[in-house]
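Here the structure comes first, spelled out in structure tokens, and everything after it is commentary.
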There are 2 protein chains.
Amino acid sequence: MATGRTHRPATRSRGIPEATVARLPLYLRALTALSERSVPTVSSEELAAAAGVNSAKLRKDFSYLGSYGTRGVGYDVEYLVYQISRELGLTQDWPVVIVGIGNLGAALANYGGFASRGFRVAALIDADPAMAGKPVAGIPVQHTDELEAIIRDNGVSIGVIATPAGAAQQVCDRLVAAGVTSILNFAPTVLNVPEGVDVRKVDLSIELQILAFHEQRKAGEEAAAEGPLPAAGAARKRSADQGPDGDVPAVMPA
Amino acid sequence: MATGRTHRPATRSRGIPEATVARLPLYLRALTALSERSVPTVSSEELAAAAGVNSAKLRKDFSYLGSYGTRGVGYDVEYLVYQISRELGLTQDWPVVIVGIGNLGAALANYGGFASRGFRVAALIDADPAMAGKPVAGIPVQHTDELEAIIRDNGVSIGVIATPAGAAQQVCDRLVAAGVTSILNFAPTVLNVPEGVDVRKVDLSIELQILAFHEQRKAGEEAAAEGPLPAAGAARKRSADQGPDGDVPAVMPA
DNA sequence: ACTTGTGAAGCTGTTCACAGCG
DNA sequence: CGCTGTGAACAGCTTCACAAGT
């Protein structure tokens, strides 16, 4: 669905569904683990279990990429790793800047998952002059004044915002003005960006609130005695709750 | 972002769609901001803009909660704040434990968004004996040995895992065995949990990979073919052609 | 006149079940 | 045989557009 271009008319483009794109990294991780164990091939059933999805979904997802499997056998691990990496754009180098080097920013800078997948932390930026020059994860922090120059000099197109909420929009505007077209936002605020810029958000408190909602329901079902809410009735026994699952889109509009 | 629950007909929690539940925290945040500015009422159009969604969706979402608006007028801010808070279960106190006090764990412990929404950090737990007793965000870190006792003594039902991937499943098992039924997982691994336990995951590298996918798509505008990529090499593209909007991912028109 | 609340339509994503092929 | 790949049915979510209220 992300193939833009079409606005209202049916998007009959050759695009990969957004839900599928969101799962590719999951498959890739599972495949990488298999690769490290030198497993040559894997069936949709096995791989699906490792990724925490069901096999029909996985096969459908892969069918959007092409016919990379062998009937009666399964998928070639190495080949799939390459195909998915290519599809995700991980065969190239993505310089990334992290703005806001507090606890979270530092955690991100130290996070190994970035470097291992083609993402290179090109610079750490913070508004606090006292931070300037101080190394975090082996990279010296630079002052916000340098932001535009850093973006341009390194050809950065992906920015990570880990600042307090109050500074996020301003930082976002500067990143976009300097040429960044994809932003990962950790600040608990809605960012306004021009069309053509992608924003994904990660909001810690929202995740907890969603858990609280479900937690509250569990409590209510058990002790259905003192419920102020009318409802529930005989709650059907719920099925499993296993691995992770697809997700709700997080790309926001301008 | 991510969702726990899986392989299930996506039971609509007490009639409220999961997608709606995921947006309630967003509305709540926008409403809280309005409340602090003493704004008495707000229209679906205004609130939707503040939350970054469209108004039809917002009205539909609220319709699942009940008829809390007034036609021709809008919604009463305070009343809505209360209703949504209640629906999300935020009118009660949720003791939370954070396991794994590295950079990320520390960032979470310091994150203000927790305390302000009914979440109380009951304890910080780490496997490193050297960390024991050391205060982080004003709370002394306790050793993993104490995990079970802490969970039981504090009636904790929500746990946050911020350990390395290798330790996550083990920590998860112990949390669940001790009574935790909701888990927010930051470790890049798929957790297996018994039925009835909710898991939501936040995976930093997955978010970046999704952005990379869209970023790559932006770059190859016309060349839609599956051209062979020059494998290695310091591929650096991104020539800021900020002009003709080729239009990209975009999810919805403003 | 203004804005909510909601059937209905349209779209996206998931699951089923089996044809197709090694 | 076993396993992939996929049309078709199904389910859930979003958007539309207007009736219903104030």
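So you know, we letter chains A, B, ... as the sequences are listed, proteins then strands, and number each from 1.
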Inter-residue atom distance B:Y27.OH - B:L80.CG, 0.5 Å rounding: 11.0 Å
Any side-chain N or O of A:N54 below 4.0 angstrom from OP1/OP2 of C:dT15? yes
Which residues pass the side chain to side chain contact (heavy atoms under 4.5 Å, CB included) test with A:T32, not counting sequence neighbours? A:L28, A:E36, A:R117
Starting at atom CG of B:L58, determine the distance to atom P of D:dT14, rounded to an integer number of angstrom. 12 Å
Can you tell me how far C1' of C:dG13 sits from CD of B:E18, to the nearest Å? 15 Å
Please check if atom CD in B:Q169 has more than 12 non-hydrogen atoms from other residues, nucleotides or ligands closer than 6.0 Å. yes
Would you find more than 12 non-hydrogen atoms of other residues, nucleotides or ligands less than 6.0 Å from A:Q170 atom CD? no
Whole-Å gap separating P (C:dT4) and CG (B:L65): 14 Å
How does each nucleotide of nucleotides 1-8 of chain D score, in 5' to 3' order, for protein heavy atoms under 4.0 Å: base (B), sugar-phosphate only (S), or none (-)? -BBBBBBB
Pairing residues for B:D76 by the side chain to side chain contact (heavy atoms under 4.5 Å, CB included) criterion, not counting sequence neighbours: B:E78, B:Y79
Tell me the interatomic distance from B:R23, atom CZ, to D:dG12, atom P, rounded to whole angstroms. 15 Å
Indicate yes or no for a side-chain donor-acceptor contact from A:D173 to the backbone of A:A177 under 3.5 Å, with no hydrogens or angles considered. no
